[in-house]
Amino acid sequence: MMIIANQWIDYEILDTNNGEKLERWGNIVLRRPDPQIIWQKKIDEKLWNSAQARYFRSSKGGGEWKFYSKLPQDWTIDYKTLKFKVHPTGFKHMGLFPEQAANWDWFSEKISVSEKPMRVLNLFAYTGGATCAASAAGSSEVVHVDASKGMVRWAKENSILSGLENNKIRFLTDDVFKFIEREIRRGNTYEGIIMDPPSYGRGPKGEVWKIEEKLTDLISLARKILSKDFSFFLINCYTTGFSNIALENMLKMEFYGQSRRISSGQTLLPVSEGGLFLPCGIYCRVE
C-alpha cells in the first residue's frame with residue numbers, strides 16, 4: 001500500500017527532473033539530488049533558477065552546497081500543530097523527512113483515540129519528528145533514543161518549538177540494542193514502537209550497525225518490550241535494495257500466530273508540477 005504525505009503547507013516538491021528535486025521549505029527554495037528521480041522532462045527554467053541553494057554531489061563521495069543568496073542559519077516549518085527547525089547540512093539532509101508525516105498521522109490517530117495510557121518508544125529517532133507527533137497526540141510518555149548527541153539536542157529543540165516542553169519525553173543518547181536489553185531486564189514495556197534504522201551507522205561508543213546483519217535481531221529484541229495488548233509497531237527503511245515485501249515477511253515471521261494486521265508499502269510525496277509522486281522509502285506496520 002502506498003501512503004502519501006499530502007497534508008503539508010510549509011513543505012512542497014515544486015518539480016522533479018533528471019536526478020534532482022526542487023523543494024520549498026517554508027519560503028526558501030532548494031535543489032537537492034535524489035536517486036529515485038530517473039525521469040527527464042521539460043522544465044520551467046525560471047522556476048528551477050529560483051532555487052536559493054543547490055547541493056552538488058562529489059565524485060569522491062559526499063558533496064557540498066552552493067548558495068545563490070544568503071540564507072538564515074536555520075528556520076522553522078510547521079506541520080499542523082508541530083514546528084521543526086531545518087537547515088542545510090553537510091550530508092544533503094535538512095533535518096527532517098517530510099514523507100514521514102503520513103506515518104505521524106497514522107499513529108497519532110491511534111494514540112489520540114486510545115482509552116488507556118500509551119507509552120511510545122522511538123528508536124534511531126533522529127531529530128524527533130515522530131517523537132513530537134506521538135507526544136502531541138497524547139502519549140503518556142515518549143522515549144526518544146538516538147546514538148548522536150547532536151541529533152538528540154536538535155530533537156529537544158523541536159519539542160520546545162512544538163510547545164511540548166512540559167510533556168513527558170525522555171531524550172537518550174544510547175545504542176539501541178543496549179537500551180532495549182536494559183529495558184527487558186527492567187521489565188519495561190511499550191504500547192507503540194517506532195524505528196527508522198539506518199543502512200549503516202555507529203553507536204555512541206563505536207558500536208557498528210549494518211542493517212542486513214542486525215535488523216532481524218533488533219526486531220526480535222524489540223518485540224520483547226511490546227506490551228501484550230500493544231497498539232502498533234512501525235518500521236521505516238530507506239536502504240537501497242530492501243523491498244517492503246521483504247520487510248513485511250520479516251515481521252510476519254516474528255509475529256507468526258498472533259492476530260495482528262501487518263501491512264507494508266512505499267511512502268510518497270506529491271510533486272506539484274506534472275502530478276507525479278516521488279517514492280521516498282518503505283514502511284511496515286503491525287497493528
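Computed from heavy atoms alone, side chains included, the values below leave out hydrogens, waters and symmetry copies. The shown structure was predicted, so the numbers you read here are calculated from the model rather than taken from an experiment.
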*From CA spacing to verdict: side chain to side chain contact (heavy atoms under 4.5 Å, CB included), Q258, K252*: CA-CA 9 Å; Q258 296 189 26; K252 282 181 176 177; over 6 Å; no

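- Placement of I169 and V145 in two distinct hydrophobic clusters is found when ILVMFWY residues are connected by side-chain heavy-atom separations under 4.5 Å, directly or transitively.
- Every pair passing ring-ring contact (aromatic ring centres under 6.0 Å, His included) that includes a residue from residues 248-275 is listed here, sequence neighbours excluded: F230-F255, F233-F255.
- Counting heavy atoms from C-beta outward, W8 and I77 have side chains that approach closer than 4.5 Å.
- Here the side chains of V120 and V143 are not in contact, with every heavy-atom distance at 4.5 Å or above.
- Within 6.0 Å of NZ on K41 lie more than 12 heavy atoms contributed by other residues, nucleotides or ligands.
- Between E183 and Y190 the shortest heavy-atom distance is OE2-OH, 2.5 Å.
- At least one side-chain heavy atom of K110 sits under 4.5 Å from a side-chain heavy atom of E287.
- Distance check, rounded to the nearest 0.5 Å: SG of C284 to CG of L234 gives 8.5 Å.
- Minimum heavy-atom separation, A53 to L71: CB-CD1, 4.1 Å.
- The line from CE of M253 to CD1 of I262 is 8.5 Å long, rounded to the nearest 0.5 Å.
- Cation-pi contact between R285 and W106: present, with separation from the ring centre below 6.0 Å and deviation from the ring axis of at most 45°.
- Shown here for T173 and S148, the closest heavy-atom pair between the two residues is CG2-C, 4.2 Å.
- I180 and L215 fall within the same hydrophobic cluster, where Ile, Leu, Val, Met, Phe, Trp and Tyr residues are linked whenever their side-chain heavy atoms come under 4.5 Å apart, directly or through other members.
- In this structure, the side chain of S108 engages the main chain of W104 through a donor-acceptor pair within 3.5 Å.
- Looking only at atom types and distance, the side chain of Y126 has no donor-acceptor partner in the side chain of Q100 under 3.5 Å away.
- To the nearest 0.5 Å, the span separating OH on Y55 from CG on D34 amounts to 13.5 Å.
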*Please step through side chain to side chain contact (heavy atoms under 4.5 Å, CB included) for the pair I184 and L221, ending with a clear verdict.*
CA-CA 8 Å; I184 292 170; L221 267 184; 3.5 Å; yes

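- Side chains of L268 and L278 form no contact here, defined as non-hydrogen atoms less than 4.5 Å apart.
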*Stepwise, does the side-chain hydrogen bond (donor to acceptor under 3.5 Å, both in side chains) test hold for W39 with N17?*
CA-CA 6 Å; W39 53 88; N17 182 58; over 6 Å; no

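- Geometrically, K85 does not engage W75 in a cation-pi contact, judged by NZ or CZ lying under 6.0 Å from the ring centre and within 45° of the ring axis.
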_Let's go through I4 and F277 carefully: what are the C-alpha distance in whole Å and the side-chain angles of both, what is the deciding distance for side chain to side chain contact (heavy atoms under 4.5 Å, CB included) to 0.1 Å, and is it a yes or a no?_
CA-CA 8 Å; I4 305 169; F277 293 94; 3.6 Å; yes

*Can you list the steps and then say if E181 with K178 is a salt bridge (Lys or Arg N to Asp or Glu O under 4.0 Å)?*
CA-CA 5 Å; E181 287 166 351; K178 292 179 180 178; over 6 Å; no

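- Heavy atoms only, all atoms of each residue included: C237 and D196 are closest at N-OD1, 4.4 Å.
- Of all heavy-atom pairs between F177 and K214, the closest is CZ-O, 3.6 Å.
- With values rounded to the nearest 0.5 angstrom, M195 atom CE is found 4.0 Å from L218 atom CG.
- With 3.5 Å as the limit, one finds a donor-acceptor pair spanning the side chains of E254 and S220.
- Rounded to the nearest 0.5 Å, atoms CG (N167) and OG (S139) are 9.0 Å apart.
- Counting only N and O atoms by type, the side chains of E248 and S264 include a donor and acceptor under 3.5 Å apart.
- A donor-acceptor contact closer than 3.5 angstrom links the side chains of Y79 and D105.
- With hydrogens and angles ignored, the 3.5 Å screen pairs a side-chain donor or acceptor of S50 with a backbone N or O of L47.
- In this structure a side-chain-to-backbone donor-acceptor pair under 3.5 Å is present from D44 to K46.
- Few gaps surround NZ on K116; more than 12 heavy atoms of other groups in view lie less than 6.0 Å from it.
- A heavy-atom distance below 4.5 Å is not found between the side chains of V142 and R170.
- Residues I13 and I43 do not share a hydrophobic cluster, clusters being chains of Ile/Leu/Val/Met/Phe/Trp/Tyr side chains in contact below 4.5 Å.
- Annotation for E64: atom CD does not count as buried by contact number, only 12 or fewer foreign heavy atoms lying within 6.0 Å.
- Residues E109 and I111 are not in side-chain contact: their nearest non-hydrogen atoms beyond the backbone lie 4.5 Å or more apart.
- Taking both residues in full, the closest heavy atoms of F84 and C132 are given as CE2-CB, 4.2 Å, listed atom of the first, atom of the second, then distance.
- With hydrogens and angles ignored, the 3.5 Å screen pairs no side-chain donor or acceptor of S162 with any backbone N or O of S159.
- Side-chain atoms of D10 and W25 include no donor-acceptor pair closer than 3.5 Å.
- Under the 3.5 Å distance criterion, the side-chain polar atoms of T127 are matched with a main-chain donor or acceptor of G95.
- A donor and an acceptor atom, one from each side chain of Q266 and Y283, are nowhere located under 3.5 Å apart.
- Counting only N and O atoms by type, the side chains of N188 and R182 include no donor and acceptor under 3.5 Å apart.
- With contacts defined as side-chain heavy-atom distances shorter than 4.5 Å, the pair Y238/F97 qualifies.
- No option in R57, R31, R32, K92 other than R31 meets the salt bridge (charged side-chain N to carboxylate O under 4.0 Å, His left out) test with E20.
- Note on L14 and L96: separate hydrophobic clusters, where clusters join Ile, Leu, Val, Met, Phe, Trp and Tyr whose side-chain heavy atoms are under 4.5 Å apart, directly or indirectly.
- Residues W48 and Y11 fall into different hydrophobic clusters, defined by Ile, Leu, Val, Met, Phe, Trp and Tyr side chains chained together at heavy-atom separations under 4.5 Å.
- Between I194 and F107 there is a side-chain heavy-atom pair separated by less than 4.5 Å.
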_Go through it in stages, so that I can follow the logic: the residues are M250 and T216, the test is side chain to side chain contact (heavy atoms under 4.5 Å, CB included), and I'd like the CA-CA distance, side-chain angles, deciding distance and then a yes or no._
CA-CA 7 Å; M250 294 172 73; T216 299; 3.2 Å; yes

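- Side chain to side chain, E191 and S231 fail the donor-acceptor criterion of an N or O pair below 3.5 Å.
- When the options W154, F171, F124 are evaluated for a ring-ring contact (aromatic ring centres under 6.0 Å, His included) with H144, the one that passes is F171.
- Partner of I235 under the side-chain contact (heavy atoms from CB on, under 4.5 Å) criterion, out of I282, L247, I193: L247 alone.
- Taking CG from D74 and OG1 from T89, the interatomic distance works out to 12.5 Å, rounded to the nearest 0.5 Å.
- Put simply, the side chain of Q52 gets close to the backbone of V29: a donor and an acceptor are under 3.5 Å apart.
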